[in-house]
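Right, one structure below, let's go through it.
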Amino acid sequence: MQILLDIVSWVLLLAGSAFALIGAVGLIRFPDVYARMHASGITDTLGAGLILAGMMIQGGFTLVTAKLILILIFLLFTSPTSTYALANAAYSRGLQPLLGGPEPDPAALEAADPASAIPGQAESGSVGSVSGEDKSS
Amino acid sequence: MFFAATLAILIAMGLALARALMGPTVYDRVLAVNTFGTKTVLLIALLGFLTGRPDFLDISLVYALINFIGTIAVLKLIKYGDLGTVGHAPKGEP
Amino acid sequence: MLHAASLGLVLFGTWLLLSGMYVPLLLTLGVVSCAAVVWVARRMDVVDHEGHPIQLGWRALIYWVWLGIEIVKSNISVARLILDPKLPIHPVLVTLKAGQQSELGQVIYANSITLTPGTVSIRINDNTILVHAVVKAYAEDLESGEMDRRVTGIEGSDPPQLLGSR
């Protein structure tokens, strides 16, 4: 019985680690902020959930498991809130998401880019360079 | 097995740190730091199991809260340039 | 008053869970600090149907189970996208209608959209939510309106109305 529980918790831990890694790879590969938020969402939901579930099985019915559940609840409540705050802040500063197919047309993108018209933006004016980056990967 | 999970989390943290350094916009960096924080919470909890010290879970819990508050504070600073600003107060209230 | 009592109980339960030491002095301190927090929260006027939504009840639990299954499904789908060597993403922005009556319902809906990977809610206006989806199919899933209906369902038959301030 103990062996069975151990195997289940190992599988959960490994699957959670795999999802956390996939989320981090997506953070590198996706072309712009809005797309990267989806990758970060993978780590926050299933990656964290599976790893914490694996630890809960090791903990058994103790205070340890109760604290792990509390951590999971905190993560699940706070991560969408901070992602929404980030998306809202980026969008209201005029940072436009890249839309369309896997290979966006840089010329059309620059023409449709209103961010460059808004003064006082130190870094978010470089939207055009975002589209050029990571496209080759 | 906890060791393998810890290693995977460390690699993922390295990738998030790379994104935080690469940018290119400030929002990319905030997003990367937020993800980095979530992984730190998991790393601390895993370290507690790895070293057999369940007290680490309390630290992990507090870190989850600080990570959230920190992200919101940085975003507010970027958006208003001042942490003391009252954001959008609902209409009809003083 | 009901909300304040329930908040106090939840706070004290959390205290018991986190402290793990059950001696009279610490229990007294716990009761005193929970009472102080409830008093401050009442003064701040945040103990209401939004700050402490006990009226959702068991319907919220059923919704969470359904949401959990959706999260797992969309996680696997987005993970496949990331690992695909061609990275076949096709981001779209769509505006969805939120049929909820209360602000709390809209918040639950927007957070559920963000919590499922593949879709992120960007902005809430009066009754619409601007959503960024990484592939068109995810946006079409949301447009079919099943999540909207379910969130409206957990609000119950007599939800507090939207204030004019939104």
Side-chain angles (χ1 to χ4, degrees), chain A residues 18-19 21-47 49-50 62-67 69-70 73 75-92 96-104 134-135 137, chain C residues 10 13-22 64 67-94 106-125 129-136 138-139:
Chain A
F19 272 105
L21 269 179
I22 291 172
V25 170
L27 206 61
I28 298 287
R29 284 195 75 191
F30 273 165
D32 77 328
V33 195
Y34 298 96
R36 283 178 200 133
M37 282 171 197
H38 307 301
S40 131
I42 289 188
T43 313
D44 286 352
T45 56
L46 209 53
L50 288 179
T62 52
L63 273 185
V64 171
T65 304
K67 282 177 189 169
I69 292 175
L70 219 53
I73 290 177
L75 283 183
L76 286 185
F77 271 84
T78 56
S79 89
T81 312
S82 50
T83 307
Y84 172 75
L86 182 66
N88 200 352
Y91 193 76
S92 49
Q96 289 293 314
L98 292 172
L99 301 177
E103 272 138 34
D134 284 354
K135 215 167 54 178
S137 60
Chain C
V10 170
T14 316
W15 170 285
L16 289 180
L17 215 64
L18 290 181
S19 95
M21 280 196 257
Y22 308 111
W64 279 348
L67 183 64
I69 297 169
E70 287 296 302
I71 288 176
V72 171
K73 279 197 288 193
S74 58
N75 257 305
I76 294 170
S77 155
V78 176
R80 249 195 224 137
L81 278 183
I82 293 177
L83 292 181
D84 194 308
K86 288 200 300 284
L87 202 66
I89 63 171
H90 193 280
V92 286
L93 278 182
V94 288
Q106 289 187 345
V107 169
I108 294 175
Y109 186 35
N111 268 4
S112 307
I113 290 175
T114 309
L115 209 48
T116 39
T119 47
V120 166
S121 50
I122 294 181
R123 171 170 288 182
I124 306 182
N125 285 324
I129 301 182
L130 184 66
V131 172
H132 179 273
V134 77
V135 173
K136 217 170 175 191
Y138 299 146

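Of the listed residues (I76(C), V78(C), L115(C)), the greatest number of heavy-atom pairs within a distance under 4.5 Å of chain A belongs to L115(C). Taking chain C as the reference chain and counting heavy-atom pairs below 4.5 Å, the highest number among V25(A), L76(A), L63(A), L86(A) is found for L63(A). Taking N111(C), V107(C), L18(C) one by one and counting their heavy-atom pairs under 4.5 Å with chain A, the maximum is reached by N111(C).
Relative ring orientation between H132(C) and H38(A) is described as parallel, the plane-to-plane angle staying below 30° on a 0-90° scale split at 30° and 60°.
Heavy atoms of L46(A) lying under 4.5 Å from chain C belong to its backbone as well as its side chain. Proximity to chain A (any heavy atom under 4.5 Å) is restricted, for I71(C), to the side chain, taken from C-beta onward. For I113(C), no part sits under 4.5 Å from any heavy atom of chain A, backbone or side chain. Of the atoms belonging to S74(C), not a single heavy atom falls under 4.5 Å from chain A. Proximity to chain C is limited to the side chain of L70(A), based on heavy atoms less than 4.5 angstrom apart. Heavy atoms closer than 4.5 Å to chain C are found in both the backbone and the side chain of T81(A). With a 4.5 angstrom heavy-atom cutoff, A110(C) does not touch chain A via any of its atoms. Only the backbone of V92(C) has a heavy atom closer than 4.5 Å to any heavy atom of chain A.
Separating the CG atom in L17(C) from the NZ atom in K67(A) is a distance of 8.0 Å, to the nearest 0.5 Å. Atom CD1 of I82(C) and atom CD1 of I28(A) lie 11.5 Å apart (nearest 0.5 Å).
Summarising the geometry of I42(A) relative to A79(C), their closest heavy-atom pair is CD1-N, 3.8 Å, with the distance given to 0.1 Å. The two residues S121(C) and A87(A) have their closest heavy-atom pair at O-CB, 4.1 Å.
Within the 4.5 Å cutoff, the side chain of Y34(A) has heavy atoms near those of the I122(C) side chain.
Judged by distance alone, with hydrogens and angles left aside, the side-chain atoms of R123(C) form no donor-acceptor pair with the main-chain N or O of Y91(A) at under 3.5 Å.
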Q: Report the C-alpha distance between I89(C) and F30(A) in whole Å, list the side-chain angles of each, state the deciding distance to 0.1 Å, and finish with yes or no for side chain to side chain contact (heavy atoms under 4.5 Å, CB included).
A: CA-CA 9 Å; I89(C) 63 171; F30(A) 273 165; 3.7 Å; yes
